[in-house]
There are 2 protein chains.
Amino acid sequence: MDEHVLETHPAWLAPGAFRALGRRRVRVSGDGPLADTVRDEVAWACARFGGSVSADGQPADLVLAISGRSEQADDGFLLSRDGEVTTVLADGPSGLLHGLFEVVRRGEAAFGPGPVAERHEPAWQRRMADHWDNIDVHPVMGQVERGYAGGSIFWRDGRLRADLSRVRAYARLLAACGINAIAINNVNVHATEARLLTERRGEVAAIAAAFRGYGVRVHLSVNFAAPMLLGDLPTADPLDETVRRWWARTTQRMVEVVPDFGGYLVKADSEGQPGPFTYGRSHTDGANMLAEALAPYGAVVHWRAFVYDHRQDWRDRRTDRARAAHDHFAPLDGGFRDNVVLQVKHGPMDFQIREPFSPVLAAMPATRLAVEVQATQEYTGQQKHVCYLAPMWSRVLGEAGRWVSELAVVANVGDDPFWTGHPLAQANLYAAGRLAWNPGADPVAVLDEWIGLTFPGATDGLRRTLHALMDDSCLTYEQYTAPLGAGFMVRPGHHYGPDVDGYEYTPWGTYHFADRDGVGVDRTRATGTGFTGQYPRPWSDRYESPDTCPDELLLFFHHVPYGHVLHSGSTVIQHIYDTHFAGAERVAAMRDAWRETTGLLDPAVHDRVTELLGEQVRSAEEWRDQINTYFFRKSGVPDLKGRRIH
Amino acid sequence: MDEHVLETHPAWLAPGAFRALGRRRVRVSGDGPLADTVRDEVAWACARFGGSVSADGQPADLVLAISGRSEQADDGFLLSRDGEVTTVLADGPSGLLHGLFEVVRRGEAAFGPGPVAERHEPAWQRRMADHWDNIDVHPVMGQVERGYAGGSIFWRDGRLRADLSRVRAYARLLAACGINAIAINNVNVHATEARLLTERRGEVAAIAAAFRGYGVRVHLSVNFAAPMLLGDLPTADPLDETVRRWWARTTQRMVEVVPDFGGYLVKADSEGQPGPFTYGRSHTDGANMLAEALAPYGAVVHWRAFVYDHRQDWRDRRTDRARAAHDHFAPLDGGFRDNVVLQVKHGPMDFQIREPFSPVLAAMPATRLAVEVQATQEYTGQQKHVCYLAPMWSRVLGEAGRWVSELAVVANVGDDPFWTGHPLAQANLYAAGRLAWNPGADPVAVLDEWIGLTFPGATDGLRRTLHALMDDSCLTYEQYTAPLGAGFMVRPGHHYGPDVDGYEYTPWGTYHFADRDGVGVDRTRATGTGFTGQYPRPWSDRYESPDTCPDELLLFFHHVPYGHVLHSGSTVIQHIYDTHFAGAERVAAMRDAWRETTGLLDPAVHDRVTELLGEQVRSAEEWRDQINTYFFRKSGVPDLKGRRIH
């Protein structure tokens, strides 16, 4: 596998991470492609580090075997230590793979005094990465929508890449963090990409083949109007019999070339994408029609709940975008087929640095739900800023994970040599996979794992600095950007950098209503849009009153005067000043701390991070000054500490 | 010429405008291409309307002849009426052409009792249209930068259009309004367009040939770094001998294929374009070097004075973009060669609906100056809004025209069937030509001429409605957009529609500094940036004090409280509310008035204008609501009339 290493950064599978395993005598039992993959991994590691592959009956330090406990491929495994032998006993072939990577993660510890027997299995069976890749390059958006790491790893110059070795390397990375499904193309399905469903299905098959060896199933984003766009039908009405037959036949053809085809991902009736509303049908009608076509193959439809009016009138304060998904979907609970997964963004708006969890997650007990998180840092610094998002996701999963049965992460990967542009942004994708496997995992422990795999042999100093930079980086980002849950305040279109009023008078439904007296959106039942009423208790009560609403969500739920006193004891306006000065200072401290790590890691990684920290410092100062100036000009309240506001 | 009429709108040369002339017996004397053009025009009109072309010695109602008074082709002519005969006695061939169009403009009046002898000659010898056309299509900007009327009339699909008949029709329109020079390409000269200077000069020659018959000389925008881009030289230093030789040789080659080549237009050291600053040289060095290369051919360099720091820090209130052109150029007065024309935007900023005239115009008595105006409605409604700009230009020319020796108008023409997108926007280009000929002309009289030529046989009702829509339309636009000279407040990038803070925190130097107490930019000598000191008296004093500063420029020169009382008796904040409600109401009234003209003109024109008035109403209401809401939220001052502010 060294050939990938030469071209691109190895991410969290640095060769050195295999040292402990590669020094041992290792025996792998089992048949089939996944067992072969495990055997290849072991052979490669042993060749590199001086260990050996043991045949049946020969002595071994590590045994990887399948128990046969499960009929189907199953992810679980038992990790045990008996005397001098470490054993992974997997439920099925994929468990063998996950067991292997668990041993890699542990390093030497896997071969020291250890647990007698430790059962591992994922919380959720499907753990998915969604790519927003296009085949064509959009002149403004680029090839990967909201991508900040170069072009697509799948397509180039309008065609499938001839060399898919990077895709195989990616499959390996995904498997190593626990991800076992991938949607390969953008949910906004344009004309060219729509054809992946039909005449370009061979490309889907080729990509699926590259992922198969690591147990990752391929899904496809489809355009709801495909029967008209591609099938020459006069309608895409989901209740029309010819439409249903078209989808059945088209799906069958896909499965003929992709036998383990995962299913469809659909953004319907959302931001201009077509959907069942055009035909007077419901989301249930639309999703169930696709689910019916997929059911014979054990495949599923992921139906996104991101539906709202993106042509709202800013003058109309009654319409509340935060309400939209719940208003649309909660009444449909119980109406979806078994193989429909309703995919819900973790917050009610759109991946802001601070939102409450989406009330849809708590409102649909009779529906399979996937929670969607965004590793690609659209609103969180675009992989120019260090922003480790796992603590935010972990908080959401802690509150709402119990109602969820899948996690889907919008990937942050492109053809950049570091995969994710910013080398430290790799941790977000890794953590998403690990949280999908174990939603209760501690994000800082996950980060520590990632450090060990990415920087094997890291000094304590490097490890400490990485934690100092990353552990609380999403809190730091929050400090210097939109305050107290207000959200947005970014430049429209590209979404990078500050523009407090950028979305204030637009049709996008994202407002803060700042005036000379106060700021925030009244979403209470008593006097506002009633959004708080979409939550069950205790949240519905907690969010309803400024007295019980957490400080960090105050402006999400309430319009308050600048002099409103927070639980912290500070006023809203002083909090804005304080956090913005503090946030920018913390970024400067991050840059200074990073300087101290020179020589402790690969210079190419060090240089890239150094360069990007420079940009983060500049950008954080710009955020600080624009936000502070904006609110000073509006409120007229001077900073208690007399710092410079322009 | 009917073939053009079929494809595109005839603009201000509607066939019917030639009726009076075409019914007469007309004699044309003179030789050469322009005389031939006049003869062709007459022959065509007489064939259409039943008149005749008289040979020498035959009786005639109209005689067009050259006096030979001038050695060179000259634009002047004597129009006289003697008994039953109208005579145009031209100084030279181009006077013959302009005399013809004067007769056309007068219609039947040219053949009634008239002046014994009336001398016509232009105030300025060169009257120029600048095209910002590109060969390549920019994915966002389109093909014509800041163009709102489709693609370029010169290039298509990366090549010169095979059929240049539309260019010839355009030459005819230009001649008919008095324009006699054209720069054919964008002042931002990108890689493809740079080559028009060298290997693509054949295209310049073909375009020049299409314009020649109507006496319009072709100029070319060039990239100051051309010796490096195109000539493989290691420098573009204007004092380097090899560079000077390169320009001399390149210019010579251009003149070989375009014998009447007009010269170069240069945007140097401006918004990222290269210039002499790179080599530690001055604008004088740069312009004079090009002028030297052009001098042997009677050609000129137009050197734009639009130089400012577009990477300004919004936090820095001392730097004032308004000062930049004067700071850069006034000290250079007297240093430019005779054939350098310094081209100065009419205002110190950038074509806003309200600016004072540029102080550069008053500061360079020893320099030839062209005043640049913008017919293309970048900041004035983008040819979706009716905005007749001649009154604004006329005001500038009244104040500063005495120091000027040319007018250059940025054209508003593209391959749209109506030439200018909005059919009524044609009047702006027409008026620019007429004001360049006679800066003292009354803009409403010019509009009346344009109506007569564009809608021959218009009823009094149609004529009245057109005046009602257009005469004061730029005041109406001002009413519903940025108030009191504040400027900008448009969406960054495309510049259409409101965004009060859109440029407030950007590097572009265009700020309003609105806070909860007041708004405006202090440009006084006493307490501000000192910009008022760039003006001579009386303006320097008039603008310095809010007591004498005209209301409409108050926020351009002063930062005042919302309660500041204007000369009009209203407060600033109430003025904002009143004008924005009034402006939107006036647009609604325009729409209603236009409805009454159904059936009075070409339905295609009527429909296009109707559709665009719908958009103007929508946009004016959006401006009204955003501006009023923004200032209400900031000031907290209620509208005295209790109207709805959101």
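Here is the naming used below: chain letters follow the sequence lines, and residue numbers restart at 1 for every chain. Computed from a predicted structure; not experimentally measured.
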Mind running side-chain contact (heavy atoms from CB on, under 4.5 Å) on A:Asp625 and B:Tyr505 for me, showing each step along the way? CA-CA 9 Å; A:Asp625 290 342; B:Tyr505 302 96; over 6 Å; no
On a heavy-atom basis, the closest approach of B:His646 and A:Arg315 is ND1-CB, 3.3 Å
Bottom line for A:Pro498: the part with an atom under 4.5 Å from chain B's heavy atoms is neither
Taken to the nearest 0.5 Å, the spacing of A:Phe632 CZ from B:Arg516 CZ works out to 9.5 Å
Of A:Gly502, A:Pro139, A:Ser635, the largest count of non-hydrogen pairs under 4.5 angstrom with chain B goes to A:Ser635
Under 4.5 Å to a heavy atom of chain B? For A:Thr629 that would be both
Quiz prompt | Neighbour count >12 (heavy atoms, 6.0 Å) for atom CZ, B:Arg156 | solution = no
inquiry  = Evaluate B:Thr506 against A:Arg491 for side-chain contact (heavy atoms from CB on, under 4.5 Å), listing each step before the verdict.
reply    = CA-CA 11 Å; B:Thr506 71; A:Arg491 276 263 145 183; 3.4 Å; yes
Answer yes or no: does atom CZ of A:Arg618 have more than 12 heavy-atom neighbours from other residues, nucleotides or ligands under 6.0 Å? yes
* To do: Flag the pair A:Glu504 and B:Arg633 as a salt bridge only when some basic side-chain nitrogen lies within less than 4.0 angstrom of an acidic carboxylate oxygen.
  => yes
